[in-house]
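Data block below; observations after.
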Amino acid sequence: MEREIAKDGWSATFAPHFMSDERKTLEQRNQMTDLERLRHSAAHVLATAILRIWPEAQFAAGPPVEQGFYYDVELSHRITPEDFARIEEEMKKEIKANNVFERTVVSRAEALALAESGRLGGLSERPGNASKFKIGNLADIPEGEEISLFKNGDFLDLCAGPHVMRTGNIGAFKLTHVASAYYKGDEKNPQLQRIYGTAFKNKTQMEEYFTMVEEAKKRDHRKLGKELELFTFDEDVGPGLPLWLPNGTVLIEELEKLAKETEFAAGYDRVRTPHLARENMYLTSGHLPYYAESMFPAMELDEFKAKRAELTERRAQLHGMIIAGAKSLMVGTTIVRIHGVTSPIVGGAPKLEQVFELTDKGRAPEQLEAMVLDYKRTDEELMRLDEPDRYYLKAMNCPHHHKIFGAVPRSYRDLPLRLAEYGTCYRYEQSGELMGLMRVRSMQMNDAHIYCTEEQFEEEFRAVNEMYLKYFRIFGFEKYQMRFSTHDPAKLGQKFVDEPELWKKTEDMVRNVLIKSGINYVEVPNEAAFYGPKIDVQVWSAIGKEFTIATNQVDFAVPARFKLQYRTRDNAFETPLCIHRAPLGTHERFIGFLIEHYAGNFPLWLAPEQVSVITIGTDEPLVAYGKAIVAELRANGVRAQGDFGTDKMQGKIQQAEQRKVHTMLVLGNRDLEAGNVSVRLHGKGNVGAKKRDEAIADILSAIKERRA
RNA sequence: GCCGGUGUAGCUCAGAGGUAGAGCAGACGAUUCGUAAUCGUCAGGUCAAGGGUUCAAUUCCCUUCACCGGCUCCA
């Protein structure tokens with residue numbers, strides 16, 4: 001697997017790492033780096049230590065990961081960070097013993113026997129405590145593949161390796177946190193305790209790592225968002241629903257400006273659509289029921305709510321009365337027919353919705369008969385009431401855009417039609433998955449849908465990819481990965497629309513564009529959208545979490561569901577292809593990522609506070625000079641403000657630096673006399689005096705050109 | 001959603017079964033200063049919410065809510 005080397009250093013250990021969902025092959029395992037071997041070995045040492053304290057522990061999997069290693073363990077004792085010290089003590093002993101990692105190859109039967117006896121993942125045989133997870137792991141090893149065991153000291157484990165030579169090779173390690181994980185990642189399996197740690201060749205490297213982690217935490221968008229007053233969350237508003245403060249709103253509006261300019265130049269038309277729509281549209285689009293659990297529950301508009309409640313109540317009363325009446329009068333007699341099926345009353349009561357019909361009218365008192373008729377009437381009336389009208393908050397903009405496409409007759413001459421909107425979508429993400437701005441429940445998407453013919457597809461798709469790259473150059477993104485997601489033929493008709501030829505055709509088209517454009521990408525099977533293949537751009541947050549920041553998807557299925565058509569040159573009807581694209585993703589995630597990318601030190605064009613004019617002292621002529629400069633900047637659309645108060649200059653500068661104001665113009669009497677301003681840049685310090693007009697012109701051009 | 005952790009002033013955090021503290025931010029006053037903080041005064045809290053134990057709970061217990069970490073890198 002290719003690994004990018006981070007240029008700025010902070011992200012080195014968070015470099016992209018693509019692992020397929022499938023079990024890692026032996027071949028891949030043998031490509032483990034030295035550090036990964038060491039960490040994998042540390043996981044075995046961790047298991048050894050845990051077993052010395054809790055011999056009954058059952059182990060599942062203990063691989064190396066991006067930032068260290070873990071081992072999954074089942075244990076009735078809840079391991080907490082308070083236990084770390086004693087576990088680490090035992091680990092140190094094992095490392096000090098400098099035991100060799102001995103590899104042995106065994107037959108499947110031998111391995112199974114060792115697992116049954118509890119020996120695998122144990123320090124000794126444990127009768128009655130079979131290594132159940134190891135048995136499960138064993139089952140995943142393909143027939144014919146070598147089965148190997150590794151042993152360090154008394155600890156014997158089913159393991160494909162590879163390891164370092166001796167436990168003593170683990171120079172430095174530390175347990176970091178404990179979490180939970182399902183065995184084999186399946187929530188139907190038992191939940192295990194996952195003990196995380198990290199390990200390095202030596203102490204110095206480990207210390208460097210922890211320093212870097214601290215640094216990374218400082219650029220976490222959640223921390224900076226608070227410090228710079230960009231956004232906030234409020235319990236009363238709801239989880240995952242960010243409130244954009246004025247500073248954050250500046251970022252949004254600058255991004256929108258960029259997107260609107262870029263899209264206008266690229267021939268997009270802007271549209272606007274409501275935040276919700278009727279149920280029926282989402283039945284057409286296929287979001288219901290398949291996407292339903294990611295959508296907020298429906299809002300029900302029930303014109304007949306009161307009437308419905310009244311009738312339901314009445315029907316329930318009649319039901320009770322009929323049953324009671326029938327029972328008391330004719331116990332054990334079949335007197336009631338329900339939807340044509342006669343059944344005795346005694347015993348189970350018929351269901352409320354069922355219609356009663358007396359079968360033995362001669363014996364039924366009039367009163368009872370009247371009640372049955374009333375019941376039937378009530379029931380029928382209830383059935384005649386219109387269904388309530390249901391509205392859903394939109395989780396995607398595509399259905400609305402499809403409706404716009406379909407709103408007027410389209411000709412091939414109208415294509416490609418590019419409909420763009422910063423549409424606000426709402427998704428009911430699981431509570432545990434929310435994460436600052438990176439995963440939210442309300443989001444504004446840099447969305448557009450391009451309707452085109454098959455012939456136009458390649459050019460359109462290529463142009464979208466170029467738009468990404470253009471944006472990424474502006475922002476100076478270097479560490480990202482294009483991920484091409486394709487379908488899995490085995491899941492046609494389930495996870496993916498059942499159109500094998502179309503899948504193949506569009507995937508080939510997309511792959512072609514990628515290769516022709518010389519774009520570096522990884523292809524991931526089984527990750528496509530249900531309606532077509534897609535390209536996602538993956539980035540990593542400050543603390544190393546992977547996110548999709550932009551997406552470009554092909555849709556050859558949903559336009560047909562909406563019966564979208566255009567008139568062809570030969571006067572026939574054809575369904576267009578649709579490209580869903582969001583190069584700037586959503587405001588929420590994109591800005592979350594930008595905050596971390598820039599560590600809050602935004603370029604001038606984006607900075608919420610672009611210029612602060614600071615006077616040294618409060619002399620009237622000086623303040624007047626400062627005010628004039630602020631006014632001129634603001635007249636030119638620059639977010640400038642003056643700090644003319646009585647604080648000391650150093651104090652004003654510190655305030656501005658802490659707010660990460662991009663440019664500070666410091667004015668003293670010397671500047672006033674010379675017609676100068678002293679320019680100070682955030683993080684760069686004083687860069688010297690300049691003529692006032694020159695300084696203003698520089699600021700304006702840097703903004704206009706969106707210079708980094 | 002599930003497992004674990006956390007929740008004290010706007011922010012960062014201290015504290016303890018006997019009724020709450022600091023720094024910064026804020027307000028007011030003084031300070032006239034050349035590139036990351038001058039000084040003083042004042043104000044700030046139902047200690048997340050609800051319930052329980054107790055003479056007494058912010059502290060112990062339970063529930064709820066929110067946030068954080070993990071559940072995706074599976075011998």
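Below, all heavy atoms of this structure are taken into account, side chains as well, without hydrogens, waters or symmetry copies. Protein chains get the first letters and strands the later ones, always in sequence-line order, with residue 1 at the start of each.
For the salt bridge (charged side-chain N to carboxylate O under 4.0 Å, His left out) test, no residue two or more places apart in sequence or in another chain qualifies with Glu125(A). Listed by chain and number, the residues in a side-chain contact (heavy atoms from CB on, under 4.5 Å) with Lys174(A) are Glu88(A), Met206(A), Phe210(A) (sequence neighbours excluded). In this structure Arg439(A) satisfies the side-chain contact (heavy atoms from CB on, under 4.5 Å) test together with Glu429(A), Glu433(A), Met435(A), Arg589(A), sequence neighbours excluded. In this structure, Asp34(A) has no salt bridge (charged side-chain N to carboxylate O under 4.0 Å, His left out) partners at least two apart in sequence or on a different chain. Partners of Glu94(A) under the salt bridge (charged side-chain N to carboxylate O under 4.0 Å, His left out) rule, at least two apart in sequence or in another chain, are Arg52(A). Checked against side-chain contact (heavy atoms from CB on, under 4.5 Å), Asp154(A) has the following partners two or more places apart in sequence or in another chain: Leu123(A). Applying the side-chain contact (heavy atoms from CB on, under 4.5 Å) rule to Arg103(A) yields the partners Val105(A), Glu146(A), Ser148(A), Phe150(A); only residues at least two apart in sequence or on another chain are considered.
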Seminar exercise, completed: Protein heavy-atom contacts under 4.0 Å, written 5' to 3' over nucleotides 23-28 of chain B as B (base), S (sugar-phosphate only) or - (none), form the string --S---
For this session: Let me have a per-nucleotide readout for nucleotides 61-71 of chain B, 5' to 3', with B, S or -, counting only protein heavy atoms under 4.0 Å.
Result: ----SSSSBBB
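For the P atoms, the distance linking C60(B) with G18(B) amounts to 11 Å, nearest Å. G10(B) sits 24 Å from C65(B) when the P atoms are compared, rounded to a whole Å. Taking atom C1' in both C24(B) and A37(B), the straight-line distance is 11 Å, to the nearest Å. If you take atom P in C28(B) and the same atom in U64(B), they sit 46 Å apart, rounded to whole Å. Comparing G23(B) with C42(B), their P atoms are spaced 12 Å from each other, to the whole Å. Rounded to the nearest Å, the gap between the C1' atom of G44(B) and that of A56(B) is 26 Å. On the C1' atoms, C62(B) is 28 Å away from A9(B), given to the nearest whole Å. Across A14(B) and G70(B), the matching P atoms stand 22 Å from one another, rounded to whole Å.
Within residues 608-623 of chain A, the residues that have a heavy atom under 4.0 Å from RNA chain B are, in order of number, Ile616(A), Gly617(A), Thr618(A).
One atom, CD of Gln430(A), and another, C1' of C3(B), lie 14 Å apart when rounded to the nearest Å. Atom CD in Glu74(A) sits roughly 13 Å away from atom C1' in C3(B) (whole-Å rounding). Regarding Lys226(A), its NZ atom lies at a distance of 10 Å from the C1' atom of U12(B), rounded to whole Å. Regarding Glu227(A), its CD atom lies at a distance of 8 Å from the P atom of U12(B), rounded to whole Å. At whole-Å resolution of the value, NZ in Lys648(A) and P in G34(B) are 7 Å apart. Atom CG of Asn669(A) is separated from atom C1' of G34(B) by 11 Å (rounded to the nearest Å). Rounded to an integer number of Å, the gap from Asn247(A) CG to C11(B) P is 16 Å. A37(B) atom C1' lies 11 Å from atom CD1 of Ile653(A), rounded to whole Å.
Of the two residues near RNA chain B, Gln650(A) and Tyr428(A), the one whose nearest nucleotide lies more 5' is Tyr428(A). With RNA chain B read from its 5' end, the first of the two nearest nucleotides for Val666(A) and Lys223(A) is the one closest to Lys223(A).
Using a 4.0 Å heavy-atom distance criterion, Arg78(A) is classed as a sugar-phosphate-only contact. Contacts of Asp72(A) with the nucleic acid, taken as non-hydrogen atoms under 4.0 Å apart, are absent. Residue contacts shown for Ser678(A) include a base, since a base heavy atom lies under 4.0 Å away. Base contact: Asn686(A) has a heavy atom under 4.0 Å from a base atom.
A donor-acceptor pair shorter than 3.5 Å can be found between the side chains of Gln67(A) and Tyr209(A). For Ser41(A) and Asn169(A), the side-chain atoms include no donor-acceptor pair closer than 3.5 Å. Counting only N and O atoms by type, the side chains of Asp643(A) and Ser612(A) include no donor and acceptor under 3.5 Å apart.
Shown are Arg222(A), Arg219(A), His221(A); of these, the side chain to side chain contact (heavy atoms under 4.5 Å, CB included) with Ile595(A) is made only by His221(A). The side chain to side chain contact (heavy atoms under 4.5 Å, CB included) with Phe59(A) is formed by just one residue from the set Asp157(A), Leu192(A), Asn137(A), Ile50(A); it is Ile50(A). Of the candidates Arg37(A), His44(A), Glu102(A), His163(A) forms a side chain to side chain contact (heavy atoms under 4.5 Å, CB included) with just one, namely His44(A).
At least one donor-acceptor pair closer than 3.5 Å links the side chain of Asn129(A) to the backbone N or O of Glu56(A).
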May I have the list of side-chain donor-acceptor pairs in residues 654-665 of chain A shorter than 3.5 Å, sequence neighbours left out?
{"residue": "Glu657(A)", "atom": "OE1", "partner": "His682(A)", "partner atom": "ND1", "Å": "2.8"}
{"residue": "Glu657(A)", "atom": "OE1", "partner": "Gly683(A)", "partner atom": "N", "Å": "3.3"}
{"residue": "Glu657(A)", "atom": "OE2", "partner": "Arg680(A)", "partner atom": "NE", "Å": "2.7"}
{"residue": "Glu657(A)", "atom": "OE2", "partner": "Arg680(A)", "partner atom": "NH2", "Å": "2.7"}
{"residue": "Arg659(A)", "atom": "NE", "partner": "Glu609(A)", "partner atom": "OE1", "Å": "3.3"}
{"residue": "Arg659(A)", "atom": "NE", "partner": "Glu609(A)", "partner atom": "OE2", "Å": "2.7"}
{"residue": "Arg659(A)", "atom": "NH2", "partner": "Glu609(A)", "partner atom": "OE1", "Å": "3.0"}
{"residue": "Lys660(A)", "atom": "NZ", "partner": "Asn601(A)", "partner atom": "OD1", "Å": "3.2"}

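When each of G34(B), A36(B), U31(B) is scored by its nearest atom to the side-chain atoms of Arg670(A), the top-ranked nucleotide is G34(B).
Because its glycosidic torsion is within 90° of 0, G44(B) is reported here as syn.
Close placement of the Tyr183(A) and Phe133(A) rings is indicated, their centers lying within 6.0 Å of each other.
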Seminar exercise, completed: For RNA chain B, the expected dot-bracket line (Watson-Crick or G-U under 3.5 Å, [ ] crossing, | inter-strand) is (((((((..((((....[..)))).(((((.......))))).....(((((..]....))))))))))))....
